[in-house]
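All ligand and atom numbering here is 1-based and tracks the order in the structure.
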Amino acid sequence: MTSTPTATSGSTASSPAAIDPTGAAPVPDRPMLIGGEWVPSLSGEWADVVSPGRRGVVLARVPEGTEADADRAVQAAQAAFPAWAKLHFSQRQKALLKIADALEARVEDLAVLTAADTGNALRTQARPEANTLVNLFRYFGGVAGEFKGTVLPAGDDQLQYTRREPLGVVAGILPWNSPLMIAGMKTPAALAAGNTLVLKTAEDAPLTILLLAEICNEFLPPGVLNVVTGRGHVIGEALVTHPGVHKVSFTGSTRVGIGVGEKAAKRLAHVSLELGGKSPNIVFPDACTSELIDETATGVLTAMRFTRQGQSCTAGSRLFVHADVYDAFLEKLTEKVRALKVGDPLDEATDMGSIINQKQYDQVVNYIKDGKSQPNVRVLLDGEDFTADDLDGFYQGPTILAGVGNDWRVAQEEIFGPVLVAIPWTDRDDVIAMANDSTYGLAAYVWSQDLTAALDTANRIESGWVQVNQGGGQVIGQAYGGYKMSGIGREFSIEGAIEAFTQTKQINVKLNV
Ligand SMILES: NC(=O)C1=CN([C@@H]2O[C@H](COP(=O)(O)OP(=O)(O)OC[C@H]3O[C@@H](n4cnc5c(N)ncnc54)[C@H](OP(=O)(O)O)[C@@H]3O)[C@@H](O)[C@H]2O)C=CC1
Ligand SMILES: CCCCCC/C=C/C(=O)O
């Protein structure tokens with residue numbers, strides 16, 4: 001199953017040039033992977049990829065892919081589909097498990113490039129994410145035989161069975177905030193089920209996905225995995241509307257996701273949408289005893305994803321703290337969050353790296369200004385106070401606002417930045433109502449030693465994923481996806497992947513017995 005990418009003309013390469021994460025080397029061109037070959041866009045246009053943590057540094061150039069590139073990637077995936085789909089599952093399994101080993105051998109390269117590409121700190125985010133990618137390939141490789149059907153007990157003269165058949169060509173559209181983890185949810189699952197894939201990278205973080213493609217390409221036949229770069233409204237939309245794409249697996253904002261869903265619906269293409277969130281963190285008084293307050297504060301810090309600059313769809317960014325412990329808990333939490341070291345993503349000492357780009361940075365600042373302008377707000381930590389000294393990137397410190405109303409913009413809209421808003425509560429029914437008073441429903445966090453109260457709360461919260469007394473407890477194999485405007489469909493688990501990446505065929509056979 002090994003395929004060696006072949007060289008083509010112009011600025012293409014037989015194997016892509018290495019990227020220096022500090023930007024010290026001459027800027028390489030990093031082509032796309034289509035049909036097993038590294039190619040520029042047909043237009044010949046390239047786009048610079050700037051490191052968010054080092055604003056002046058261009059890490060590489062990637063092709064500015066257009067509709068024509070989407071088309072040839074889909075054609076390559078279509079051509080590869082029949083042979084890939086009809087393999088015995090164990091052959092797909094073997095390829096995915098070999099990829100897992102190869103990724104593991106390059107895990108540090110993936111981690112360092114992710115830190116440079118996304119601005120996420122190497123130690124706290126990029127390295128764990130690269131390890132999760134390895135584990136996702138191992139998991140979906142391992143369960144490749146589980147994409148299976150059922151047999152009905154219909155009597156000896158009948159064979160009535162279902163097959164879970166692959167859908168065909170899947171388009172996987174990725175965001176920039178955790179590109180490897182999200183590519184890891186889609187790629188091995190879609191391939192294990194027998195589909196072929198076209199991944200579209202986010203404009204702001206394409207490089208780490210191109211390295212993933214380079215590693216995968218060693219073990220897959222040409223066209224089974226294709227990776228294209230370019231703008232969402234150009235090549236992304238071309239994939240969504242392409243008649244050869246049978247499934248769109250999209251992760252990104254709710255705004256774009258709605259448009260993707262509408263376009264896919266027009267031609268009845270399958271679609272999964274993993275979208276935004278504004279997840280509640282509910283702290284009960286019994287989680288703030290003198291023995292527990294420290295652990296709960298650390299958990300809330302983790303759930304808020306401060307160490308990913310809050311750029312997480314599952315960030316527990318609405319903090320509801322019981323009035324009896326409100327001040328004490330916020331004091332403890334603020335002390336911990338203030339201690340986070342903001343800095344160069346490539347520095348091992350850094351807890352919190354850079355925001356992805358100027359637009360996102362400005363959006364976060366605008367939300368902070370809006371929150372600070374509200375009556376009676378208390379600013380416990382102000383990201384605007386952070387000065388980056390010698391750093392030249394989109395750096396910002398964490399912000400914590402107290403005394404916030406659940407109806408304020410900062411409490412209702414997804415900021416996707418390191419901004420936590422704290423709201424007091426006194427009655428369990430009220431806090432559950434406030435938690436559910438949101439258009440989103442992706443994640444939630446409940447902190448209590450009273451399991452009856454905690455589980456009642458968890459059961460009543462309108463979110464696809466609730467964690468109790470932990471903030472970072474994702475387990476490969478669990479269901480993951482949103483309620484309400486946070487999305488449709490589940491990924492990360494085998495059950496979700498079977499639904500997401502296969503269709504059911506029923507076959508009824510009359511036997512001559
Ligand atoms: N539920 C989940 O699992 C997760 C959800 N998210 C959500 O993602 C958002 C942040 O990511 P961000 O990248 O800004 O999200 P966007 O929705 O802006 O973009 C996501 C992807 O869609 C592409 N895209 C943009 N427009 C179109 C279009 N018209 N047709 C097809 N594709 C398009 C983008 O390309 P381009 O980069 O070129 O614009 C990018 O690859 C947040 O809202 C966050 O909550 C993030 C991670 C996980
Ligand atoms: C089971 C949790 C999986 C989360 C994967 C995607 C996370 C995205 C984010 O935090 O932004």
field: Pair Arg55, Gln358: side-chain N/O donor-acceptor within cut-off below 3.5 Å
entry: yes

field: Gap between atom OG1 of Thr254 and atom NZ of Lys484 - 0.5 Å precision
entry: 12.0 Å

- prompt: Please state which protein non-hydrogen atom is closest to atom 35 (O) of ligand 1 and give its distance, to 0.1 Å?
  reply: Lys200 NZ, 2.9 Å

message: Taking only non-hydrogen atoms of Glu274, do any sit less than 4.0 angstrom from ligand 2?
response: no

Atom 10 (O) of ligand 2 - nearest protein heavy atom and its distance: Ser312 OG, 2.6 Å

task: Closest by any non-hydrogen atom to atom 37 (O) of ligand 1: pick that one out of Glu203, Lys278, Met185.
output: Glu203

- request: Would you kindly specify which portion of Val475 sits under 4.0 Å from ligand 2, judged on non-hydrogen atoms: side chain, backbone, both or neither?
  value: neither

statement: Note: heavy atom closest to atom 10 (C) of ligand 1, options Trp465, Tyr480, Phe416, belongs to Phe416

Top protein contact for atom 8 (C) of ligand 2, by heavy-atom distance: Cys313 SG, 3.3 Å

message: Taking 4.0 angstrom as the limit and counting only heavy atoms of Gln474, give me the atoms of ligand 2 inside it, by number and element.
response: 1 (C), 2 (C)

Thr251 contact mode with ligand 1 (heavy-atom cut-off under 4.0 Å): both

- line: Of Ala171, Ser253, Ala315, the residue with the heavy atom nearest atom 17 (O) of ligand 1 is Ser253

- line: Quick note on ligand 2: atoms under 4.0 Å from a heavy atom of Met185 include exactly 5 (C), 6 (C)

message: Which of the numbered atoms in ligand 1 are under 4.0 angstrom from any heavy atom belonging to Glu274?
response: 1 (N), 2 (C), 3 (O), 4 (C), 5 (C)

statement: Quick look: Leu275 vs ligand 1, heavy-atom contacts under 4.0 Å, and the answer is backbone

Identity of the nearest option to atom 7 (C) of ligand 2, non-hydrogen atoms only, from Glu129, Gln467, Met181, Arg490: Met181

task: Measure from atom 47 (C) of ligand 1 to every heavy atom in Thr229, Ile235, Ile415, Asn177 and give the option owning the shortest one.
output: Asn177

statement: Quick note on ligand 2: atoms under 4.0 Å from a heavy atom of Trp465 include exactly 2 (C)

- prompt: Which part of Ile182 is near ligand 1, with near meaning a heavy atom under 4.0 Å away: side chain, backbone, both or neither?
  reply: side chain

- line: Leu442 heavy atoms within 4.0 Å reach ligand 1 at atoms 1 (N)

message: Closer than 4.0 Å to some heavy atom of Thr314 - which atoms of ligand 2 meet that?
response: 10 (O)

- prompt: Glu414 heavy atoms, cut-off 4.0 Å: which ligand 1 atoms fall inside?
  reply: 42 (C), 43 (O), 44 (C), 45 (O)

field: Closest to atom 21 (C) of ligand 1 (judged by heavy-atom distance), picking from Asp204, Leu239, Leu174, Ile209
entry: Leu174

Flag for Lys186-Ser249: side-chain donor and acceptor within less than 3.5 Å: yes

query: Is any heavy atom of the protein nearer than 4.0 Å to atom 19 (O) of ligand 1?
result: no

- request: For side-chain hydrogen bond (donor to acceptor under 3.5 Å, both in side chains), just list the numbers for Ser272 and Lys247, CA-CA rounded to whole Å, side-chain angles, deciding distance to a tenth of an Å, and then say yes or no.
  value: CA-CA 8 Å; Ser272 334; Lys247 160 83 196 226; 2.3 Å; yes

query: Among protein heavy atoms, which sits nearest to atom 28 (C) of ligand 1, and what does the distance come to when rounded to 0.1 Å?
result: Gly232 O, 3.3 Å

message: Out of Glu237, Gln311, Lys263, who is nearest to atom 29 (N) of ligand 1 when you count heavy atoms only?
response: Glu237

Atom indices of ligand 2 within 4.0 angstrom of Gln478 heavy atoms, with elements: 1 (C)

